[in-house]
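The structure displayed is predicted, hence computed values, not measured ones.
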Amino acid sequence: MIKTRIDDYVLKEATIDDCELVYKFILELAEYEEMKHGVKGTIEDLKESVFKRNEAEILLAYYGDEPVGFCVFCKTFSTFLCKSYLYLDDLFIVEKYRKRGFGKELLCQLGMICKERNLERIEWFCFGWNDPSLDFYKNALHASFHPELDRFRWDIETIERVMGE
């Protein structure tokens, strides 16, 4: 367990035994983002990708014995920096536990990981409609927002279609 600056709030590196809890949080996040239709992965996919192939890492957040959130992150590379950095894929805190500093502590732990691993920065994306999160990132974390960076997605079906053209 990783202690935080908040009483009774701890973080834990997820293990393969935590996959059902992580998947539950994934579904809650998808519901919050109104994207439940986008969840295609399974608990078995999670086990394989995260815990067998080590493609990502997960931190779980607990308030007392209650699991209250999670974040998923991985190392990636910047060609412009010629160095690696952390990419935060998702961060989620259960609604009734928001605005208590839990998300900030979770991100501060990612900052510690970044420093320990001698990585250059942490990056993530946030939906433009998600005003509470945008406000949190800008004002509580003083994170810089780069509106000029857009993200494209190329799914396997499209890849195969274009490769066949």
Side-chain angles (χ1 to χ4, degrees), residues 1-41 43 45-47 49-51 54-78 84-117 119-147 149-151 153:
M1 292 286 189
I2 302 162
K3 293 190 184 277
T4 70
R5 297 174 290 187
I6 301 172
D7 288 339
D8 296 325
Y9 181 64
V10 296
L11 306 174
K12 170 187 178 273
E13 293 177 16
T15 68
I16 198 164
D17 295 331
D18 296 311
C19 282
E20 286 188 29
L21 173 61
V22 171
Y23 197 76
K24 174 184 162 291
F25 281 142
I26 290 169
L27 294 176
E28 287 182 39
L29 171 65
E31 187 171 318
Y32 171 75
E33 292 179 342
E34 297 181 9
M35 295 188 64
K36 232 174 174 181
H37 64 278
V39 178
K40 305 291 186 210
I43 293 173
D45 293 331
L46 187 64
K47 288 178 182 178
S49 297
V50 176
F51 299 103
N54 299 314
E55 295 175 348
E57 298 175 67
I58 301 170
L59 290 176
L60 292 168
Y62 286 84
Y63 185 59
D65 293 330
E66 177 94 16
V68 298
F70 81 123
C71 71
V72 178
F73 61 99
C74 61
K75 186 170 96 171
T76 192
F77 188 80
S78 167
S84 295
Y85 64 95
L86 282 186
Y87 174 72
L88 172 62
D89 190 60
D90 278 311
L91 181 144
F92 178 75
I93 300 293
V94 173
E95 187 172 8
K96 74 178 187 176
Y97 291 101
R98 293 180 194 150
K99 299 187 186 234
R100 296 185 187 196
F102 294 171
K104 185 174 183 178
E105 284 295 306
L106 197 47
L107 281 162
C108 284
Q109 181 60 35
L110 284 185
M112 294 287 292
I113 290 168
C114 197
K115 288 177 68 168
E116 288 168 2
R117 296 179 187 180
L119 301 175
E120 208 50 37
R121 65 183 179 218
I122 303 170
E123 282 191 3
W124 64 93
F125 292 91
C126 182
F127 289 114
W129 57 260
N130 193 342
D131 291 331
S133 293
L134 290 168
D135 181 61
F136 167 66
Y137 297 142
K138 289 177 185 176
N139 297 317
L141 298 179
H142 310 289
S144 57
F145 179 65
H146 299 270
L149 298 176
D150 283 330
R151 184 179 213 186
R153 182 174 292 157

All pairs passing salt bridge (charged side-chain N to carboxylate O under 4.0 Å, His left out) where residues 104-113 contributes a residue, at least two apart: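 Non-adjacent pairs meeting salt bridge (charged side-chain N to carboxylate O under 4.0 Å, His left out): Arg5-Glu105.
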
Do any N or O atoms from the side chain of [X] and from the backbone of [Y] form a donor-acceptor pair under 3.5 angstrom?
X	Y	result
Lys36	Glu33	no
Tyr9	Phe102	yes
Tyr137	Phe125	no

Could you check whether atom [atom1] of [X] has more than 12 heavy atoms from other residues, nucleotides or ligands sitting under 6.0 Å from it?
X	atom1	result
Asp7	CG	no
Glu123	CD	yes
Asn139	CG	yes

Contact check, side chains of [X] and [Y], non-hydrogen atoms, under 4.5 Å:
X	Y	result
Asp18	Ile58	no
Phe70	Leu21	no
Val94	Tyr63	no
Arg98	Phe92	yes
Val50	Glu55	no
Val72	Ile26	no
Leu60	Pro67	no
Arg100	Ile6	no

Between [X] and [Y], what is the shortest heavy-atom contact and its length?
X	Y	answer
Leu134	Gly128	CD1-O, 3.4 Å
Ala14	Phe51	O-CE2, 3.3 Å
Ile122	Gly111	CD1-N, 3.7 Å
Val10	Met1	CG2-SD, 3.6 Å
Glu34	His37	O-CE1, 3.8 Å
Cys74	Ala56	CB-CA, 4.1 Å

Short N-O contact, Glu28 and Lys24, less than 4.0 angstrom: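 Between Lys24 and Glu28 there is a salt bridge, with a charged N closer than 4.0 Å to a carboxylate O.
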
Does Cys71 form a side chain to side chain contact (heavy atoms under 4.5 Å, CB included) with Leu88? I'd like the steps, not just the answer. CA-CA 7 Å; Cys71 71; Leu88 172 62; 3.8 Å; yes

Rounded to the nearest 0.5 Å, how far does [atom2] of [Y] lie from [atom1] of [X]?
X	Y	atom1	atom2	answer
Ile93	Glu95	CD1	CD	12.5 Å
Arg121	Ser84	CZ	OG	10.5 Å
Tyr85	Leu119	OH	CG	11.0 Å
Leu29	Leu27	CG	CG	9.5 Å
Leu110	Tyr87	CG	OH	12.5 Å
Lys138	Asp131	NZ	CG	8.5 Å

Going by the rule salt bridge (charged side-chain N to carboxylate O under 4.0 Å, His left out), which residues pair with Arg117 if we only count those two or more places apart in sequence or in a different chain?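 Arg117 satisfies salt bridge (charged side-chain N to carboxylate O under 4.0 Å, His left out) with Glu57 only.
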
With side chain to side chain contact (heavy atoms under 4.5 Å, CB included) as the criterion, how do Leu59 and Phe73 come out once you've worked through the C-alpha distance, each side chain's angles and the decisive distance to 0.1 Å? CA-CA 9 Å; Leu59 290 176; Phe73 61 99; 3.9 Å; yes

Regarding Lys12 and the six-membered ring of Tyr62, is the cationic atom NZ or CZ under 6.0 Å from the ring centre and inside 45° of its axis?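 Here Lys12 fails the 6.0 Å and 45° test against Tyr62.
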
